[in-house]
Student: 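My questions all concern the structure below.
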Amino acid sequence: MPSLAEALHWGTQQLQGGESPAVDARLLLQEAAQVAASRLFAFPEQTLTEADWLRYQHWISRRRQGEPVAYLLGWREFWSLPLEVAPCTLIPRPDTERLVEVALSLTLPEPHGAVLDLGTGTGAIALALASERPAWQVQGVDWQESAVALAQRNAERLNLPVRFYRSHWFDQVQGQFALIVSNPPYIDADDPHLQQGDVRFEPSTALVAAEQGLADLRALVEQAPGYLQQQGWLLLEHGWQQAGAVRALLQQAGFVQVQSWCDLAGHERVSGGCWHAGTY
Ligand SMILES: C[S@@+](CC[C@H](N)C(=O)[O-])C[C@H]1O[C@@H](n2cnc3c(N)ncnc32)[C@H](O)[C@@H]1O
């Protein structure tokens with residue numbers, strides 16, 4: 001059987017031409033052989049068992065076909081939280097951590113307020129917020145039963161008190177919220193990016209929206225005022241070319257302090273507004 005160093009070299013060679021061959025091969029080897037990165041580098045001569053070597057080769061072959069590393073591993077880190085992931089929903093992205101940062105920076109109408117995450121998927125945003133603000137009462141909804149079950153498993157494993165349930169956007173939601181957040185589907189069905197990289201393996205129900213990707217964003221902006229407390233906030237992630245359209249939707253709906261926030265690449269990726277009944 002090969003040593004860890006030999007297996008890593010072989011896997012990296014196999015994945016040449018991909019986005020990140022060395023990182024992918026290392027992550028898959030660590031998981032296949034159940035070794036930490038430090039052990040991989042401290043004991044490179046350690047040999048793999050036959051079962052680990054077979055598992056590693058199988059994963060490398062699937063990765064060569066484009067399958068996302070996160071789906072092969074079964075988990076992905078988001079906001080330093082290890083989250084179980086599954087093909088029923090989106091793999092949480094570093095971009096979405098920007099929405100979490102912005103949410104944590106807002107001044108909300110009450111410090112112990114209720115918070116709602118619409119289209120929660122793995123529960124990434126809801127769990128990140130709950131981990132940072134124990135006083136907030138966080139809820140997350142998704143219309144996919146399998147995503148709700150996944151988010152619940154993540155909450156239990158992380159011991160975070162978030163309530164997840166099934167709802168088609170606001171259909172089953174009750175009450176008023178100090179903050180509503182969402183990373184909804186916002187990609188146009190004809191966008192060529194849907195044929196590239198990890199998104200080919202992710203469900204279109206998590207990615208694609210009608211009206212050039214704006215249909216779900218529009219629905220959320222129009223319905224959110226019925227569920228926001230006075231001076232509560234709505235925060236939405238969207239495509240980097242949709243900020244102007246989302247701000248216009250927020251303004252038309254009567255939100256104030258409407259603004260967008262940039263991601264690390266300098267693209268406007270999050271927009272939001274404060275609800276102030278009576279301004280419209
Ligand atoms: C882009 S993914 C975001 C997942 C997660 N919030 C994240 O940021 O990683 C969109 C999510 O919205 C859910 N979704 C799509 N349409 C929905 C609807 N009408 N009602 C509730 N959830 C919906 C999808 O199942 C998917 O989990």
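Indexing begins at 1, ligand by ligand and atom by atom, following the structure's order. Residue numbers run from 1 in the order of the sequence given. It should be emphasised that the depicted structure is a prediction, and the values quoted were computed from it without experimental measurement. All heavy atoms count here, side chains included; hydrogens, waters and symmetry mates do not.
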Student: Looking at ligand 1, would T120 count as a contact under a 4.0 Å heavy-atom criterion?
Tutor: yes
Student: Does Q144, backbone or side chain, put an N or O under 3.5 Å from an N or O of ligand 1?
Tutor: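 No; the residue has no nitrogen or oxygen that sits under 3.5 Å from a nitrogen or oxygen of the ligand.
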Student: With atoms numbered from 1 as shown, which atoms in ligand 1 lie under 4.0 angstrom from a non-hydrogen atom of P92?
Tutor: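 Counting atoms of ligand 1 from 1, those under 4.0 Å from P92 are 9 (O).
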Student: Test your reading of the structure: does R93 have an N or O sitting under 3.5 Å from an N or O of ligand 1?
Tutor: no
Student: Short list, please: which atoms of ligand 1 are under 4.0 Å from a heavy atom of T205?
Tutor: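 Checking each atom against T205, I get 15 (C), 24 (C).
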Student: For F170 together with Y227, are the ring centres under 6.0 Å from each other?
Tutor: yes
Student: So, regarding G119 and ligand 1 (criterion: nitrogen or oxygen to nitrogen or oxygen, under 3.5 Å), is there a contact or not?
Tutor: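 So ligand 1 has an N or O lying under 3.5 Å from an N or O of G119.
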Student: Check this for me - ligand 1, D216, N or O atoms closer than 3.5 angstrom, yes or no?
Tutor: no
Student: Taking only non-hydrogen atoms of A147, do any sit less than 4.0 angstrom from ligand 1?
Tutor: no
Student: Should S167 be listed as contacting ligand 1, given a heavy-atom distance under 4.0 Å as the test?
Tutor: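 Yes, S167 has a heavy atom closer than 4.0 Å to ligand 1.
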Student: Under 4.0 Å from any heavy atom of G121, which atoms of ligand 1 are there?
Tutor: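 What qualifies from ligand 1 is 4 (C), 27 (O).
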Student: Against ligand 1, does T122 come closer than 4.0 Å with any heavy atom?
Tutor: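 Not so, T122 does not reach ligand 1.
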